[in-house]
Colleague: 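Got a structure here, written out as structure tokens. Questions coming.
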Amino acid sequence: MAINLTTRVTSYVDEVFTSESKKSLLTNDDFDWTGAHTIKINKVNTVGMNDYDRNGTSGKSSRYGDLEELGNEMEDLVLKKDRSFTFAIDKMDKDETQGVLAGASALARQQREVIIPEVDSYTYGVMAANAGTKVVDVTLTAENIYDEIIEGTKALDDNDVPDTGRILTVVPDVYRMMKKNTELNIDCDITAEQRAKGVIAMVDGMDVIKMTAKKMPERAGFMISHPVATVAPTKLEDYKIHQDPPGISGELVEGRIVYDAFVLDNKKMAIYYVENKATE
């Protein structure tokens, strides 16, 4: 006699692993785009110093030196990313999958697995592409990683970037190199609040963030940055779940997000980006 074995289907969903966004640690949202598509910011020049002509013998128009005009340039920040998605869940599909196909959970999954990774990858790509210093000819190793990081901090020091608030972003392979370097002192004594935000350690006063390689540009090694350099606004996040809209028996899910990222021209030296030649 044949035996018919039982198959049980659960409501458990095998979710894809995702990582939380760390964008807020690396960027700022200093400008308000409410009611505007473009933000204009000013860049104002300075003038050089002169030797004061105490005796008035230089023949110049003023004892202070030749009169120069002070001017300004406008820097335009124009939002370019206007992204959207939509999908439907039939009412019977929701019922006959024990609620696995449900609008609310599907929307949350879309945010975790699609939207956040896209926004993060775009932002870090903009930062790398517009970094004030970009190193592309180095092969990172456990032996030279500390020296390369110090070169980065020196570049920021030379451009008067604030010491406090700097972030060292590394991909996992580079963090492994750091752990192997005997000269590099990795301070893992950080607060619970720092850990909750994604900080895993401190090096030379910088918070260390480990970023998955798929969110960083190709061949990424590490990046030292200060949040003051990058403006990363999200002007609109609009998500809707429509129940039984015309033409659909079930749920219609729609979403739209308007965002962008900009590296300010006068702040770009606060970003130091290193590609790892070894990954080519």
Colleague: Determine whether a donor-acceptor pair (N or O, by modelled atom type, separation under 3.5 Å) exists between the side chain of N144 and the backbone of T139.
Modeller: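 Answer holds: yes.
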Colleague: Determine yes or no for a side-chain-to-main-chain donor-acceptor pair under 3.5 angstrom, with R63 supplying the side chain and R54 the backbone.
Modeller: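 Yes.
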Colleague: Would you say that more than 12 heavy atoms from the other residues, nucleotides or ligands in this model lie under 6.0 Å from the NZ of K180, or not?
Modeller: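 Result for NZ/K180: open.
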Colleague: What pair of heavy atoms forms the shortest contact from G165 to P227, and how long is it?
Modeller: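 In this case the closest contact between G165 and P227 is O-CD, 3.2 Å.
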Colleague: Side chain to side chain contact (heavy atoms under 4.5 Å, CB included), that's the test. Do K134 and Y272 meet it? Break it down for me.
Modeller: CA-CA 6 Å; K134 188 171 182 178; Y272 183 94; over 6 Å; no
Colleague: Looking only at heavy atoms, what is the nearest atom pair of S105 and A102, with distance?
Modeller: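 Closest pair (atom of S105, atom of A102, distance): OG-O, 3.2 Å.
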Colleague: Could you measure the distance from the CG atom of N185 to the CD atom of E183? Nearest 0.5 Å is fine.
Modeller: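 Those atoms lie 11.5 Å apart.
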Colleague: Looking only at atom types and distance, does a side-chain atom of E275 sit under 3.5 Å from a main-chain N or O of V138, one as donor and one as acceptor?
Modeller: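 Judged by distance alone, no pair lies under 3.5 Å.
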Colleague: When you compare the side chain of I149 with that of M178, does any pair of heavy atoms fall below 4.5 Å?
Modeller: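 Contact flag for M178/I149 side chains = yes.
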Colleague: In sequence, state the C-alpha distance, the side-chain angles, and the governing distance for I224 and T153, and then conclude on side chain to side chain contact (heavy atoms under 4.5 Å, CB included).
Modeller: CA-CA 7 Å; I224 300 174; T153 60; 4.0 Å; yes
Colleague: Could you verify whether a donor N or O on one side chain and an acceptor N or O on the other, from T34 and D32, lie under 3.5 Å apart?
Modeller: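 The criterion, which ignores hydrogens and geometry beyond distance, is satisfied for D32 and T34.
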Colleague: Determine whether V100 and L252 fall in the same hydrophobic cluster, where Ile, Leu, Val, Met, Phe, Trp and Tyr are linked whenever their side-chain heavy atoms lie under 4.5 Å apart.
Modeller: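 In one cluster: no.
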Colleague: When hydrophobic residues are tied together by side-chain contacts of less than 4.5 Å, even through go-betweens, does V228 share a cluster with V263?
Modeller: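 Not linked; separate clusters.
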Colleague: Check whether F87 and V114 end up in the same hydrophobic cluster, where Ile, Leu, Val, Met, Phe, Trp and Tyr are linked by side-chain heavy atoms less than 4.5 Å apart.
Modeller: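 Different clusters: F87 never reaches V114 through Ile, Leu, Val, Met, Phe, Trp or Tyr contacts under 4.5 Å.
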Colleague: Side chains of N181 and E143, heavy atoms from C-beta outward: is any pair under 4.5 Å?
Modeller: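 Side chain of N181 against side chain of E143, heavy atoms only: no contact under 4.5 Å found.
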Colleague: Do I200 and M206 land in one hydrophobic cluster if side-chain heavy atoms of ILVMFWY residues count as linked below 4.5 Å?
Modeller: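 Shared cluster, yes.
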Colleague: Looking at every heavy atom in both L101 and T97, which two are closest together, and how far apart are they?
Modeller: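 Closest heavy-atom pair between L101 and T97: N-OG1, 3.3 Å.
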Colleague: Nearest 0.5 Å, please: how far is CD in E218 from CE in M216?
Modeller: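 That separation rounds to 13.0 Å.
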Colleague: Looking at A155 and T133, what are the two nearest heavy atoms and their distance?
Modeller: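 In this case the closest contact between A155 and T133 is CB-OG1, 4.4 Å.
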Colleague: One thing to verify: whether D157 and K154 come together as a salt bridge, which I'm taking to mean a side-chain N less than 4.0 angstrom from a carboxylate O.
Modeller: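 Salt bridge flag = no for D157 with K154.
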Colleague: Test Y259 against every option in K23, K235, E118 by the side-chain hydrogen bond (donor to acceptor under 3.5 Å, both in side chains) rule and name the one that passes.
Modeller: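 Among K23, K235, E118, the one that satisfies the side-chain hydrogen bond (donor to acceptor under 3.5 Å, both in side chains) with Y259 is E118.
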Colleague: With a sphere of 6.0 Å drawn around CE of M74, does it hold more than 12 non-hydrogen atoms of other residues, nucleotides or ligands?
Modeller: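 Enclosed.
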Colleague: Do I167 and V208 have side chains that get closer than 4.5 Å, going by heavy atoms?
Modeller: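 I167 vs V208: side chains apart.
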Colleague: Is it true that, when you exclude D51 itself, more than 12 heavy atoms of the residues, nucleotides or ligands shown sit nearer than 6.0 Å to its CG?
Modeller: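 Not buried by this count: 12 neighbours or fewer within 6.0 Å.
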Colleague: With salt bridge (Lys or Arg N to Asp or Glu O under 4.0 Å) as the test, would you mind laying out the steps for K240 and D238 before giving the verdict?
Modeller: CA-CA 7 Å; K240 303 172 184 177; D238 188 20; 3.8 Å; yes
Colleague: Verify, without hydrogens or angle tests, whether H226 (side chain) and T164 (backbone) share a donor-acceptor contact under 3.5 angstrom.
Modeller: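 Pair found, side chain donor or acceptor close to backbone of T164.
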Colleague: When rounded to the nearest 0.5 angstrom, what distance separates CZ in R219 from CG in L140?
Modeller: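 Reported to 0.5 Å precision, the distance equals 13.0 Å.
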Colleague: More than 12 foreign heavy atoms under 6.0 Å from OH of Y64: is that the case here?
Modeller: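 Not more than 12 within 6.0 Å, no.
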Colleague: For the residue pair H37 and V78, establish whether any side-chain heavy-atom pair is separated by less than 4.5 Å.
Modeller: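 Yes, their side chains come closer than 4.5 Å.
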Colleague: OG/S225 to CE/M127 distance, rounded to the nearest 0.5 angstrom?
Modeller: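 Here the rounded value is 4.0 Å.
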Colleague: Atom CD1 in I257, atom OG1 in T234: separation rounded to 0.5 Å?
Modeller: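 Answer rounded to 0.5 Å: 5.0 Å.
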Colleague: Between side-chain atoms of residues 242-251 and protein atoms elsewhere (two or more places apart, or another chain), which donor-acceptor pairs fall under 3.5 Å?
Modeller:
unit_1 : atom_1 : unit_2 : atom_2 : d
H242   : NE2    : E254   : OE1    : 2.9
D244   : OD1    : K91    : NZ     : 3.0
D244   : OD1    : G250   : N      : 3.0
D244   : OD2    : K91    : NZ     : 3.0
E251   : OE1    : G103   : N      : 2.8

Colleague: Is the shortest side-chain heavy-atom distance between K210 and P172 below 4.5 Å?
Modeller: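 Yes; the side chains approach each other to less than 4.5 Å.
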Colleague: Mind checking the CG-CG spacing from D187 to D207? Nearest 0.5 Å is all I need.
Modeller: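 Between D187 CG and D207 CG, I get 10.0 Å after rounding to 0.5 Å.
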Colleague: Is the shortest side-chain N to carboxylate O distance from D260 to K80 below 4.0 Å?
Modeller: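 Judged by the 4.0 Å cut-off on N to carboxylate O distance, D260 and K80 do form a salt bridge.
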Colleague: Around R195, counting heavy atoms of other residues, nucleotides and ligands shown, do more than 12 lie under 6.0 Å from its CZ?
Modeller: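 Result for CZ/R195: enclosed.
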Colleague: For E148 and Y146, does a side-chain donor sit closer than 3.5 Å to a side-chain acceptor?
Modeller: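 Distance-only check fails for E148 and Y146.
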Colleague: Could you give me the CA-CA distance, side-chain angles and deciding distance for R256 and D82, then say whether salt bridge (Lys or Arg N to Asp or Glu O under 4.0 Å) is met?
Modeller: CA-CA 7 Å; R256 182 184 182 192; D82 190 347; 2.8 Å; yes
Colleague: Is there a donor-acceptor contact under 3.5 Å from the side chain of N45 to the main chain of L70?
Modeller: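 Checked: no pair found.
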Colleague: What closest approach, in Å, do A201 and I186 show between heavy atoms, and which atom pair accounts for it?
Modeller: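 Looking at all heavy atoms of both residues, the shortest contact is CB-CG2, 3.5 Å.
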Colleague: In this structure, would I116 and M211 fall into the same cluster of hydrophobic residues linked by side-chain contacts under 4.5 Å?
Modeller: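 No.
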Colleague: Is a side-chain donor or acceptor of N276 paired with a backbone partner of A220 at a separation under 3.5 angstrom?
Modeller: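 No, N276 side chain to A220 backbone: no donor-acceptor pair under 3.5 Å.
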Colleague: Would a 4.5 Å heavy-atom cut-off, applied to side chains only, mark M223 and I271 as touching?
Modeller: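 The answer is yes, as the side chains (C-beta and beyond) meet within the 4.5 Å cut-off.
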Colleague: Does N130 reach the main-chain N or O of V126 with its side chain, forming a donor-acceptor pair under 3.5 Å?
Modeller: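 Side chain of N130 to backbone of V126, a donor-acceptor pair under 3.5 Å: yes, one is there.
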Colleague: Test your reading of the model: is there a side-chain donor-acceptor pair from N159 to the backbone of M269, 3.5 Å cut-off?
Modeller: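 No: the side chain of N159 does not pair with the backbone of M269.
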Colleague: Between D120 and K22, does at least one N-O distance fall below 4.0 Å, as a salt bridge requires?
Modeller: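 No, this pair does not count.
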Colleague: Decide if atom NZ of K43 counts as having more than 12 heavy atoms of other residues, nucleotides or ligands within a radius under 6.0 Å.
Modeller: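 Yes, the 6.0 Å shell around NZ holds more than 12 heavy atoms from other groups.
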Colleague: Between D76 and K40, is there a side-chain N and carboxylate O pair less than 4.0 Å apart?
Modeller: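 Yes, this pair counts.
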Colleague: Hydrophobic cluster mates of L79, side-chain heavy atoms under 4.5 angstrom, ILVMFWY only, any path?
Modeller: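 Members other than L79 - counting any ILVMFWY side chain reachable under 4.5 Å - are F31, W33, I39, I41, L77, V231, L236, V258, F262, L264.
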Colleague: Could you walk me through whether L168 and I209 pass the side chain to side chain contact (heavy atoms under 4.5 Å, CB included) test, one step at a time?
Modeller: CA-CA 6 Å; L168 172 61; I209 295 174; over 6 Å; no
Colleague: Between N28 (side chain) and D30 (backbone), is there a donor-acceptor pair under 3.5 Å?
Modeller: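 Checking the backbone N and O of D30 against the side chain of N28, a donor-acceptor pair under 3.5 Å is found.
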Colleague: Quick check on the 6.0 Å ring-centre criterion: do Y273 and F222 meet it?
Modeller: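 Not close enough - the centres of the two rings lie 6.0 Å or further apart.
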Colleague: Taking the side chain as C-beta and beyond, is there a heavy-atom pair between L26 and T123 under 4.5 Å?
Modeller: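 Side chain of L26 against side chain of T123, heavy atoms only: no contact under 4.5 Å found.
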Colleague: Can you check whether Y239 reaches Q110 side chain to side chain, under 4.5 Å on heavy atoms?
Modeller: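 No. Closest side-chain heavy atoms not under 4.5 Å.
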Colleague: Quick check: closest heavy atoms across K214 and S121, and the distance to 0.1 Å?
Modeller: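 So the two residues come closest at O-OG, 3.7 Å.
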Colleague: Please check: side-chain N/O of R112 versus main-chain N/O of L107, any donor-acceptor pairing under 3.5 Å?
Modeller: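 Pair absent, no side-chain N/O of R112 close to backbone of L107.
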